[in-house]
Amino acid sequence: MDETEVLIAGAGPTGLVLALWLVRQGVGVRIVDRSAGPGTSSRAMAVQARTLELYRQLDLVDEIVADGLRNPAINLWVKGERRTRLSFRDAGRELTPYPFVLIYPQDRHERVLVRRLEEAGVTVERSTELLGFEQDAAGVTARLRGPAGESVCRAAWLAGCDGAHSIVRHRLGTGFEGGTYQHTFYVADVEVSGPAANGEIHLSLEEGDFAALFSYDQQGNARLIGAVRDAEVREGHTLAFDDVRQRAIASLGLRIEKVNWFSTYRVHHRVTGHYRSGRALLLGDAAHVHSPAGGQGMNTGIGDAINVAWKLAHVLRGRAPETLIDTYEAERKAFAQRLVETTDRAFSFVVAEGGFADFVRTHIAPLFASAAYGIEPVRAFMFRVLSQMGIHYPDSPLSAGSAGHVRGGDRLPWTGYGGGPDNHAPLAAIAWQVHVYGEVAPALQTWCAGRGIALYRYDWCDACQAAGLVRDAVYLVRPDTYVALVDRAGERDTLEAYFTTRGIHPA
């Protein structure tokens, strides 16, 4: 019987990121996937700013940004005219080092993650299927079938990263409540030319039709998505690109030079009942699926992986009780439910049919979006939502305290804009750390040194104030770069009490 600490079923971005973060923390992993090789189609395209921030932890971000296409704006088109251009750079330049949406095809993305994992000494076991598993108090016994036949693997934890049809979820019986959208949608990888083939995101809203174009290079290669109306779906007929309605595509002024890949699909919106059952966990599409509106799916799965990775490492190394794993569901399920609701409303609006819906979509929506985006607080809010920088865990058992505009559970604000210090640089360490912006009490320095926790002090500056921080307050930062505790008084006793009451040994 083979043994490992964490068995990961599924080698998409979620499973690969989980493996990378665990290995970085010294955790033994085994990752299996039923497919014969990595994906060969672009599939998920958008890598959001929050994911790029987290990729700094493993020195991944520079390579991925250099290989992708920085998308600085989204353009709304109606009846052949560009009605508004919403700039990500204007909205996010004060908030993050990555004020853009990176368009980076999933097949290329996965190849980078696989290579980095191999460099860390772990190889994805391909053509290897999880058949089933049994649990006890100490771990999971899994049955696998690979090229050499069936085998058994014993693991302390099982991570189900095996997609929307997850065998792990089915075996756990945690349910998958939700539904399926009425419409059929198409996705195509195309080579295009025309005014919209300029490396930005373009959304065409027409009466009874829509199309979205995501360029992933400057040579006219792009992803095109849209809806297939029921009248176009005929029983016994396999849809081709020529069957889909072309009005919204023509509205963008696009010339389709070549269709490299075309597929249709139905979109589901579902969330599992539980993210954890015993020693088995669900992550990514195994736990939640939703419409592709906003490019959130893959990024949400990556966020799941990084959230739970440090918690598994703590528990496996005896630095925290097993109840720490329960905070994974408490934090990530609430976000997934809000995301499903938000993308459901957005997608329902885009595909709604009827005269009134057409009028709102083609006349009111572009005017409202342009006007709202001109208001700086609204612009920043919209960017935080799209980029996932607005994800926070205020109700988590791990979150405590507040000062200024920051409270426990928030992402640590970035202070690097306008000449301020890059306070996100130390977050490359997957470890607890303390930040102070101003003066540090000697007792706090002594406590951090004794606990083996890194202490970072920054001179107070305008960028700190603009970020919503408070001078001399103490910010305890979790290994996944979220603020765990905010203490305005900067007392070491408050920090000690935080760890004692949760049974966590930070170092």
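The analysis underlying the following values was restricted to heavy atoms, covering all of them including side chains, and did not include hydrogens, waters or symmetry mates.
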Might you point out which heavy atoms bring [X] and [Y] nearest each other, and give the distance in Å?
| X | Y | answer |
| --- | --- | --- |
| D285 | R169 | O-NH1, 4.1 Å |
| R126 | A11 | NH1-CB, 4.1 Å |
| G420 | A463 | CA-CB, 3.9 Å |
| Y458 | P421 | CD2-CB, 3.6 Å |
| P479 | H314 | CG-CE1, 4.2 Å |
| C161 | L18 | SG-CD2, 4.2 Å |

Side chains of [X] and [Y]: closer than 4.5 Å at any heavy-atom pair?
| X | Y | answer |
| --- | --- | --- |
| S251 | V78 | no |
| R407 | H392 | yes |
| V406 | Y475 | yes |

So, applying side chain to side chain contact (heavy atoms under 4.5 Å, CB included) with [X], which one of [options] is it?
| X | options | answer |
| --- | --- | --- |
| H109 | L16, V114, V47 | V47 |
| F176 | V289, L282, V271 | V289 |
| L60 | V17, V112, L52 | V112 |
| V192 | N221, I256, V259 | I256 |

Is the ring pair Y482/Y393 parallel, tilted or perpendicular, if the boundaries are 30 and 60 degrees?
tilted
Using 30° and 60° as the class boundaries, would you call the ring planes of Y456 and H435 parallel, tilted or perpendicular?
tilted
Whether [Y] and [X] form a salt bridge (side-chain N of Lys/Arg under 4.0 Å from carboxylate O of Asp/Glu) is what I want to check.
| X | Y | answer |
| --- | --- | --- |
| R30 | E5 | no |
| K79 | E81 | no |
| D67 | R108 | yes |
| R478 | E331 | yes |

Give a yes-or-no answer on whether the side chains of [X] and [Y] include a donor-acceptor pair shorter than 3.5 Å.
| X | Y | result |
| --- | --- | --- |
| R70 | Y98 | no |
| T96 | E53 | yes |
| N307 | R332 | no |
| H288 | D304 | yes |
| Q25 | W310 | no |
| T272 | T174 | yes |
| D422 | W414 | yes |
| N71 | E200 | no |
| S387 | R50 | no |

Counting N and O atoms only, with roles assigned by atom type, does the side chain of [X] sit under 3.5 Å from a partner on the main chain of [Y], one being a donor and the other an acceptor?
| X | Y | value |
| --- | --- | --- |
| S204 | A248 | yes |
| H268 | T180 | no |
| D217 | L69 | no |

Rounded distance [0.5 Å steps], [atom1] in [X] versus [atom2] in [Y]:
| X | Y | atom1 | atom2 | value |
| --- | --- | --- | --- | --- |
| L412 | L469 | CG | CG | 7.0 Å |
| I325 | L281 | CD1 | CG | 6.5 Å |
| R111 | Q106 | CZ | CD | 11.5 Å |
| L95 | R379 | CG | CZ | 10.0 Å |
| R223 | I201 | CZ | CD1 | 12.5 Å |
| L252 | N75 | CG | CG | 9.5 Å |

Using side-chain hydrogen bond (donor to acceptor under 3.5 Å, both in side chains), reason through Y437 and N423 one step at a time and then give a plain yes or no.
CA-CA 10 Å; Y437 302 83; N423 64 330; 2.8 Å; yes
List the steps, then state whether side-chain hydrogen bond (donor to acceptor under 3.5 Å, both in side chains) holds for S193 with E257.
CA-CA 7 Å; S193 59; E257 309 292 350; 2.6 Å; yes
Atom [atom1] of [X]: over 12 foreign heavy atoms under 6.0 Å:
| X | atom1 | answer |
| --- | --- | --- |
| E177 | CD | no |
| H274 | NE2 | no |
| R34 | CZ | no |

Counting the benzene-type ring for Trp, do Y216 and Y104 have ring centres under 6.0 Å apart?
no
R270: which residues meet the salt bridge (Lys or Arg N to Asp or Glu O under 4.0 Å) condition with it, sequence neighbours left out?
none
Flag this pair as yes if the NZ/CZ of R276 is under 6.0 angstrom from the six-membered ring centre of Y328 and inside a 45 degree cone about the axis; otherwise no.
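Negative - R276 is either too far from the ring of Y328 or too far off its axis.
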